[in-house]
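Per chain, numbering begins at 1; letters A, B, ... match sequence-line order. This is a predicted model, so every value here is computed, not measured.
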2 protein chains.
Amino acid sequence: MFSVSEEDHLKAIFKIAEKEKKAVSTNSIAAYMNTAPASVTDMLKKLADKDLIQYQKYKGVTLSPSGSKVAIQLIRKHRLWEVFLVEKLKFSWEEVHEIAEQLEHIQSDDLVLRLEKYLEFPKFDPHGDPIPNMDGKFTLRSQWSVAELLPGHTGIILGVREHDKSFLLYLNDMKIKLGTSIKVLQKTTYDQSLRILIDGRFENLITKNVAHQLLVKKV
Amino acid sequence: MFSVSEEDHLKAIFKIAEKEKKAVSTNSIAAYMNTAPASVTDMLKKLADKDLIQYQKYKGVTLSPSGSKVAIQLIRKHRLWEVFLVEKLKFSWEEVHEIAEQLEHIQSDDLVLRLEKYLEFPKFDPHGDPIPNMDGKFTLRSQWSVAELLPGHTGIILGVREHDKSFLLYLNDMKIKLGTSIKVLQKTTYDQSLRILIDGRFENLITKNVAHQLLVKKV
DNA sequence: AAAAATATTTAGGTTAGTCTAAATTTAATT
DNA sequence: AATTAAATTTAGACTAACCTAAATATTTTT
């Protein structure tokens, strides 16, 4: 239906729009995709012709309903494949992104439905990101970052904001994964770094930024 | 490493060479791939430059050791994914080819190894074709076509030569699948069509050609 | 509000992978 | 062996997806 490059651009627009509310700029897409801005402009024209985006020269883009649908289906496929890779093939959470980037472009609606059923309809992927259902609906849940927890309070890791491989390896070293309990022992007033207790066993110091990347439910 | 089109051409050459012993012709590749012969010529030049084939103008091509390796690895991935689709996702054997054609191009050696392990090292795919191991070795076994069975003798279906969807659906209708027993009741001398008994329960008439496509072990 | 900086688009070019039509080589037939 | 037919290659062109450099629009700063 759509080319890999078209799909990738739509996904990039979706991801960027998720964070910043305004129209998505050409340069931000280029930065996200590691391509030249001029290449993005070319693609935006094509996507606009196909009514996948709203595009006005120099004014940035927003996804149309059909463009949004394509992006969400891609994200759905990506996350379902990540669950497969981790749950079934026993990959670690930092290894699956590149492979899922390829698998998400496999075209077969039936495949996605059967995969989802086989995985028993997971609602979140191995990084804690929600998996949209067939209709593009994401499951919502209340979650806080560890940075928001008050000293003395505990949370259970639901997910991570940062997906960088080195960050995930750092968490592995600290024995932090989905389901791990994090108790905030102390917050430094100087730089807001935190002393935490991991699974009631390991004490460690994390920066404010790291705390911001860790998403938990309060217990 | 290699593009999808390069891989597809190498696989086509391998498949054609499997049947016909001589050097593979440009036209046969074009026919197999549904492309113009001129496009094949272009690609052959490229593959020859990369030492993936032996190519002399007008003389046809043969795979080099490295080209052969690429082709066999593709076939390996294709067949492993087919096993996954049928065994785990419960696709029917006539539905999996197109999806596996896409999946075979996913690049990750680790993925293939883990998939193979997850599937418990299958040696044959859902059509009974052998799955080469990591080193490119195919498992051999003695097999005959039903056309070779003498009246009164029985075989167990090991695989099919023909992979066409309509043929597989025809077998479904006749309740023939891998493991099914086939007893030859009678051979017509006129056109060598056969009356067979399927799983000791259903009697049916098949043409000589159909019998030739059905591979069995003798019992 | 003008100048400077930044963002974006346009213009023109490249490569991979395809095509058709014409030219050439090889194979088959008379 | 010459002619015809078939197979193959060459020549030239197209599209998708990229690029760089230059031009233009927008935003920020003085």
(request) For nucleotides 21-29 of chain D, just jot down a letter per nucleotide in 5' to 3' order: B, S or -, based on protein non-hydrogen atoms under 4.0 Å. (result) B--BSS---
(message) Atom NZ of residue position B:K50 - does it have more than 12 heavy atoms of other residues, nucleotides or ligands inside 6.0 Å?
(response) yes
(message) Tell me the interatomic distance from A:M43, atom CE, to D:dT15, atom P, rounded to whole angstroms.
(response) 16 Å
(request) Pick out which of B:R76, B:K77, B:R79, B:K11 makes a salt bridge (charged side-chain N to carboxylate O under 4.0 Å, His left out) with B:E104. (result) B:K11
(message) Within 45 degrees of the ring normal and closer than 6.0 Å to the centroid, is that where the cationic atom of A:K88 sits relative to A:Y118?
(response) yes
(request) Can you measure from CD (A:Q56) to OG1 (A:T62) and round to the nearest 0.5 angstrom? (result) 9.0 Å
(request) Quick one: label B:S39 by what it contacts on the DNA or RNA (base, sugar-phosphate, nothing), any heavy atom closer than 4.0 Å. (result) base
(request) Compare the minimum distances between each of C:dT9, C:dT18, C:dT20 and the side chain of B:A36, then state the nucleotide with the smallest one. (result) C:dT20
(request) Specify the separation, in whole Å, of atom CG of B:D42 and atom P of D:dC14. (result) 16 Å
(request) Please report, rounded to the nearest Å, how far the P atom of D:dA16 is from the NZ atom of A:K45. (result) 14 Å
(request) Indicate, with a heavy-atom threshold strictly under 4.0 Å, whether B:S5 touches base, sugar-phosphate, or nothing. (result) sugar-phosphate
(message) Tell me the interatomic distance from A:E6, atom CD, to D:dA16, atom C1', rounded to whole angstroms.
(response) 9 Å
(request) State, to 0.1 Å, how close A:I182 and A:L149 come at their nearest heavy-atom pair, and which atoms those are. (result) O-CD1, 4.2 Å
(message) From CG of A:D49 over to P of D:dA16, roughly how many Å is that when rounded to an integer?
(response) 11 Å
(request) Nearest whole angstrom, please: distance from the P of C:dT18 to the CG of B:L44. (result) 12 Å
(request) Ignoring hydrogens and angles, state whether a donor on the side chain of B:S193 or B:D191 is under 3.5 Å from an acceptor on the partner side chain. (result) yes
(request) Would you check if the side chain of B:E162 reaches a backbone N or O of B:D164 as a donor-acceptor pair within less than 3.5 Å? (result) yes
(request) Using heavy atoms and a sub-4.0 Å distance, could you list which residues of residues 8-33 of chain A are near DNA chain D? By number, please. (result) A:H9
(request) Please check if atom NZ in A:K208 has more than 12 non-hydrogen atoms from other residues, nucleotides or ligands closer than 6.0 Å. (result) no
(request) Any chance you could measure A:N209, atom CG, to A:Q192, atom CD, to the nearest 0.5 Å? (result) 12.0 Å
